[in-house]
Amino acid sequence: MTTRNDQLLTEGATSERMKRVRRRDTGPELQVRKIARSLGLAYRIRNPDLPGSPDLANRSKKWAIFVNGCFWHGHHQCRRAKLPERNSGYWQAKISRNRIRDKVATEALEAAGYTVVVVWECELREPLIVRTRIKDLVA
Ligand SMILES: [Zn+2]
């Protein structure tokens, strides 16, 4: 299980891990955390023990938020999700596997009583709209 303990590893293994952590802690995820904080929501980040490892989750309130990159998660009809023309078969298969994995995770969470919110990277151009949606669904 990878948890926030990852960040507490001793030197040596640390730098590679930290690089990865930092990379993950940028951009869209940070924006959504900021929105969640502005709504006064309590949450944990990552959550590898929950289906699909939601980026933010609250177990007692039973909600989970995924922050999805449009390309990797295959945002439907989004220009950021346009596949490269080279190796399009490869990309199609890969993205389609990711979409299936996302769907399975969402279904598992919902079956466990969770409210699941997906925030697409491109939606964060309008953070107030995202904020309202999160507020309506989980706050
Ligand atoms: Zn998108």
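In this chain, numbering begins with 1 at the start of the sequence shown. Both ligands and their constituent atoms are indexed starting at 1 by order of listing.
- Distances under 2.8 Å from the Zn ion (ligand 1) pick out the protein N/O/S atoms C70 SG, H75 ND1, C78 SG, C122 SG.
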**OP:** Decide side chain to side chain donor-acceptor pair (under 3.5 Å) for N58 and S60; before the verdict, give the C-alpha distance in whole Å, the side-chain angles of both, and the deciding distance to 0.1 Å.
**Re:** CA-CA 6 Å; N58 184 313; S60 50; 3.1 Å; yes
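- Checking H73 against D102 by side-chain atom types alone, a donor-acceptor pair falls below 3.5 Å.
- Between D49 and R59 there is a salt bridge, since a side-chain N of the basic residue sits under 4.0 Å from a carboxylate O of the acidic one.
- Aromatic rings of F66 and W120 (six-membered ring for Trp) have centroids beyond the 6.0 Å cut-off, not under it.
- Using a 4.5 Å heavy-atom threshold, the side chains of N68 and H75 count as separate.
- Applying the salt bridge (charged side-chain N to carboxylate O under 4.0 Å, His left out) test to every pair with at least one member in residues 70-98, sequence neighbours left out, gives these pairs: R80-E121.
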